[in-house]
Asker: 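Sharing a structure, written as structure tokens. Questions coming.
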Amino acid sequence: MRVRIAPSPTGDPHVGTAYIGLLNYLFAKQRGGKFVLRIEDTDRTRFVSSSEQMIFDALRWVGLQWDEGPDVGGPHGPYRQSERTEIYREYCQRLLDSGTAYRAFETAEELEVERKAQMAAKQAPKYAGPSRNYTPDQAATALEAGKPYTIRLRVPGGDKGPGIASTTFRDELRGNVTFDHNNVDDQVLMKSDGYPTYHLANVIDDHLMGITDVIRAEEWISSTPKHVLLYRAFGWDVPRFWHMPLLRNADKSKISKRKNPVSLIYYRQAGFLPEAMLNFLGLMGGGMAQPSEQEIVTKGLDTKLSDKFSLADMLQRFDFLRISLGGPVFDLVKLKWLNGEYLRGQTTEEFLEALRTTLLSDSYLREIAPLVQTRIETLAQFGDMADFFFKDDVQPSPEIFVPKKRTLDETLTFSADLLAAVEGCEWTTESIDASMRSLMTDKEWSVKEGFMLLRAILTGKSASPPLLESLVVFGKARSLDRVRRFLDMQKKAAAMASRK
RNA sequence: GGCGAUAUGGUGUAACUGGUUAACACGUCGCCCUCUCAAGGCGAAGAGUUCGGGUUCGAGCCCCGAUAUCGCUACCA
């Protein structure tokens, strides 16, 4: 048995990656299989260079070590898709040769226009460009003219032409799922920049890396028929598919950073223990069901199963067939309870160690110290000055965060803009400064007003160490979370006020 | 809109694969403990299993229909 996770290095490591990672890890280890980590860096536009290392660190932090991967090697490498472009090109050529795929010369702009027209006409947006039916001569002419092109999968059947009209695949948790080919678009396999799309690279790599079980999130169900079509076109065995329920926000939408902290970096910096995180993720979607009477006897398990369990417990009794398919809400309240449980369970030494490696680590203190040193007269004032670096929550009062010439509403609107502006920033003083200033010019806020507002949100006070440096030291994930929580809290306060 | 998936208290899950009054945990509320706050202990409220039909002696578990939610619908993954 071989399984894999395939994160994309597009930003901070995501809790969803750890979730799917845990599931894959459990699956492999329970069956004596291998757990592979593959980096899917084929999207050049979203690529973030620091991301890959953060993914490694975050997965190791929660304790999920892979058997094969870009940094540890293995017999099926390279494990980074950007290093496998030759392979994709070669296999894609086979598809071209067999007519399973074709070159499409339409530009992105043309397709966009067409898509909008289809949407306006209330039709399903689908590729219907002329390239699909080019004669070899026409295609050759376009190719020689140097027109950029993508390579698309020729989905057979239905109103598209001859061939099988639908694809059925088995999902191990749901049974057979069927898609009519009229609803399967001619997927782009190779982009015009020469990089493959997920669909192509994923299928080729999974096959070449001997992946037997594809355990991934539910969002992939709709594209699975395309993958199955590819496996068949290559004459390869189709792996087993296990689609896992999607983690959700409190409103049941797919978990997102707008509504939840999703960065593993955040959880580590905010002082969550990896055991608690792993335990919590194991709770999502079931799997740790009560043992049956037989299991209690034959495996010698406890009758009572609490919500608190370790990775070792999961290895022993996590049952994939018992996963419940409803998308679980990622509930911070329960996570915090679990984290508290683990914290209370620590010895004083362990607790100190946890503090010393996180909140009170030398590296963190070293970054804070210079910001504070020149501003205090006794060491005890360090606490007064730097408290916000160590707090989970600060609660500035309106007198502090609302500028004199502004209303509360204006200020909150601006705060939301500020969050949006700074969200996409590279987390350096220069970059934050630039985007803040451009926003302030835009919205006609003075630099002083804007900085004071953010200072209040970050620190809860009107005086603090330099704002930009503080933000950088505090970290992007936590800073953004603090602003989001501020907005949430103000929204709630407003709702309360209007109710009275 | 089309296609697909899903549906048990506010949240996460159970219910021995049809068999009493739907269980556990988190959260909420109350009481006890206590200098406070937590933790801990005890207790309470909260779902009749999305809705409507059907099969059956009997349905949360099976069948049909409806609804709702989520996902996909990109030269993103």
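Chain letters run A, B, ... following the sequence lines, proteins first, then strands; residues in each count from 1.
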Asker: Considering just the side-chain nitrogens and oxygens of A/Lys252, establish if one lies under 4.0 Å of OP1 or OP2 belonging to B/rG12.
Answerer: yes
Asker: Quick check: on RNA chain B, is the nucleotide nearest A/Ala250 upstream (toward 5') of the one nearest A/Glu109, or the reverse? Name the residue that is more 5'.
Answerer: A/Ala250
Asker: Taking the same atom, C1', in B/rU21 and in B/rU17, what whole-Å distance lies between them?
Answerer: 22 Å
Asker: For RNA chain B, whose closest nucleotide is more 5', that of A/Lys254 or that of A/Met284?
Answerer: A/Met284
Asker: For the pair A/Asn339 (side chain) and A/Leu335 (backbone), establish whether a donor and an acceptor sit closer than 3.5 Å, ignoring hydrogens and angles.
Answerer: no
Asker: Below 30° counts as parallel, above 60° as perpendicular, anything between as tilted: where do the rings of A/Trp236 and A/Phe234 land?
Answerer: parallel
Asker: Looking only at heavy atoms, what is the nearest atom pair of A/Arg258 and A/Arg484, with distance?
Answerer: O-CD, 3.7 Å
Asker: What distance do A/Leu355 atom CG and A/Phe390 atom CZ have between them, rounded to the nearest 0.5 Å?
Answerer: 10.5 Å
Asker: Taking atom types as they are modelled, is there a donor-acceptor pair under 3.5 Å from the base of B/rC75 to the side chain of A/Thr150?
Answerer: no
Asker: Nearest to the side chain of A/Leu111, heavy atoms from C-beta on, is which of B/rA77, B/rG40, B/rC75?
Answerer: B/rC75
Asker: Classify the glycosidic conformation of B/rU17 as syn or anti, calling it syn when the angle lies within 90° of 0.
Answerer: syn
Asker: Determine whether any donor atom in the side chain of A/Ser222 lies under 3.5 Å from an acceptor atom in the base of B/rG71, or the reverse, and answer yes or no.
Answerer: yes
Asker: With rounding to whole Å, what would you report as the distance between B/rC3 and B/rG12 at their C1' atoms?
Answerer: 30 Å
Asker: In whole angstrom, what separates A/Met244's CE from B/rC70's P?
Answerer: 22 Å
Asker: Is the glycosidic angle of B/rG48 within 90° of 0, making it syn, or outside that range, making it anti?
Answerer: syn
Asker: Heavy atoms from C-beta onward define the side chain here; which of B/rG12, B/rG27, B/rG4 lies closest to that of A/Val177?
Answerer: B/rG4
Asker: Please report, rounded to the nearest Å, how far the C1' atom of B/rC70 is from the CD atom of A/Glu218.
Answerer: 7 Å
Asker: Just compare B/rG2, B/rC26, B/rA77 and give me whichever is closest to any side-chain atom of A/Trp220.
Answerer: B/rA77
Asker: Mind checking who B/rG71 pairs with, Watson-Crick or G-U wobble, both distances under 3.5 Å?
Answerer: B/rC3
Asker: Just call it for A/Thr178: base, sugar-phosphate, or nothing, with non-hydrogen atoms closer than 4.0 Å on any strand.
Answerer: sugar-phosphate
Asker: Given that both distances must come in under 3.5 Å, which nucleotide forms a Watson-Crick or G-U wobble pair with B/rA77?
Answerer: none
Asker: Return no unless some side-chain N or O of A/Thr42 is found under 4.0 Å from OP1 or OP2 of B/rA77.
Answerer: yes
Asker: Counting only side-chain heavy atoms from C-beta out, which of B/rC75, B/rU6, B/rA77 sits nearest to A/Arg174?
Answerer: B/rU6
Asker: Roughly, in whole Å, what's the span from CG in A/Leu189 to C1' in B/rC76?
Answerer: 15 Å
Asker: Counting only Watson-Crick pairs (N1-N3 plus N6-O4 or O6-N4) and G-U wobbles (N1-O2, O6-N3), all under 3.5 Å, who is the partner of B/rG43?
Answerer: B/rC29
Asker: Closest approach to the side chain of A/Pro328, judged atom by atom: which nucleotide of B/rG27, B/rU13, B/rA5 is it?
Answerer: B/rU13
Asker: Would you measure the distance from the P atom in B/rC42 across to the matching atom in B/rC61 and give it in whole Å?
Answerer: 34 Å
Asker: Taking a pair as Watson-Crick or G-U wobble with both distances under 3.5 Å, which nucleotide is matched to B/rA15?
Answerer: none
Asker: With rounding to whole Å, what would you report as the distance between B/rC37 and B/rC32 at their P atoms?
Answerer: 13 Å
Asker: If the C1' atom of B/rA22 is compared with that of B/rU55, how far apart are they to the nearest Å?
Answerer: 22 Å
Asker: From B/rA77, B/rG12, B/rG4, pick the nucleotide closest to the side chain of A/Glu219?
Answerer: B/rA77
Asker: Measure from the side chain of A/Thr197, starting at C-beta and using heavy atoms only, and say which of B/rG71, B/rA5, B/rC76 lies closest.
Answerer: B/rC76
Asker: Using a heavy-atom cut-off of 4.0 Å across all strands, would you classify A/Phe179 as base, sugar-phosphate, or nothing?
Answerer: sugar-phosphate
Asker: Would you kindly give the NZ-to-P distance between A/Lys191 and B/rA77, to the nearest whole Å?
Answerer: 4 Å
Asker: Is the phosphate of B/rC75 approached by A/Arg152 (side-chain N or O, under 4.0 Å from OP1 or OP2)?
Answerer: yes
Asker: For the pair made of CD in A/Glu110 and C1' in B/rC75, what is the distance, rounded to whole Å?
Answerer: 13 Å
Asker: Between A/Trp66 and A/Phe56, how do the two ring planes meet: parallel, tilted or perpendicular, split at 30° and 60°?
Answerer: tilted
Asker: When the C1' atoms of B/rC63 and B/rA25 are compared, how many Å lie between them, rounded to an integer?
Answerer: 34 Å
Asker: Measure CZ/A/Arg216 against C1'/B/rA5 and give the value in whole Å, please.
Answerer: 14 Å
Asker: Would A/Tyr102 and A/Tyr134 count as a close aromatic pair, with their ring centres under 6.0 Å?
Answerer: no
Asker: Using purine N1 to pyrimidine N3 plus N6-O4 or O6-N4 for Watson-Crick, or N1-O2 and O6-N3 for G-U wobble, each under 3.5 Å, what pairs with B/rA66?
Answerer: B/rU50
Asker: Regarding A/Lys308 and the six-membered ring of A/Tyr342, is the cationic atom NZ or CZ under 6.0 Å from the ring centre and inside 45° of its axis?
Answerer: yes
Asker: When you compare B/rG40 with B/rA59, how far apart are their P atoms, in angstrom units rounded to a whole number?
Answerer: 41 Å
Asker: Nearest to the side chain of A/Ser253 - B/rG71, B/rA77, B/rU13?
Answerer: B/rG71
Asker: Looking at B/rA25, does its base get a donor-acceptor pair with the side chain of A/Lys308 below 3.5 Å?
Answerer: no
Asker: Figure out the CG/C1' separation between A/Asn339 and B/rA39, and round it to whole Å.
Answerer: 15 Å
Asker: Quick one: label A/Arg344 by what it contacts on the DNA or RNA (base, sugar-phosphate, nothing), any heavy atom closer than 4.0 Å.
Answerer: sugar-phosphate
Asker: Can you find a side-chain donor-acceptor pair between A/Thr224 and A/Arg216 that sits under 3.5 Å?
Answerer: yes
Asker: Using side-chain heavy atoms (C-beta onward) and a distance below 4.5 Å, is A/Leu247 in contact with A/Val262?
Answerer: no
Asker: Touch check for A/Ser192, heavy atoms < 4.0 angstrom, all strands: base, sugar-phosphate only, or nothing?
Answerer: base
Asker: Could you measure between the two C1' atoms, the one in B/rC75 and the one in B/rA66, and give it in whole Å?
Answerer: 40 Å
Asker: In whole angstrom, give the distance that lies between atom CZ of A/Arg115 and atom C1' of B/rG1.
Answerer: 16 Å
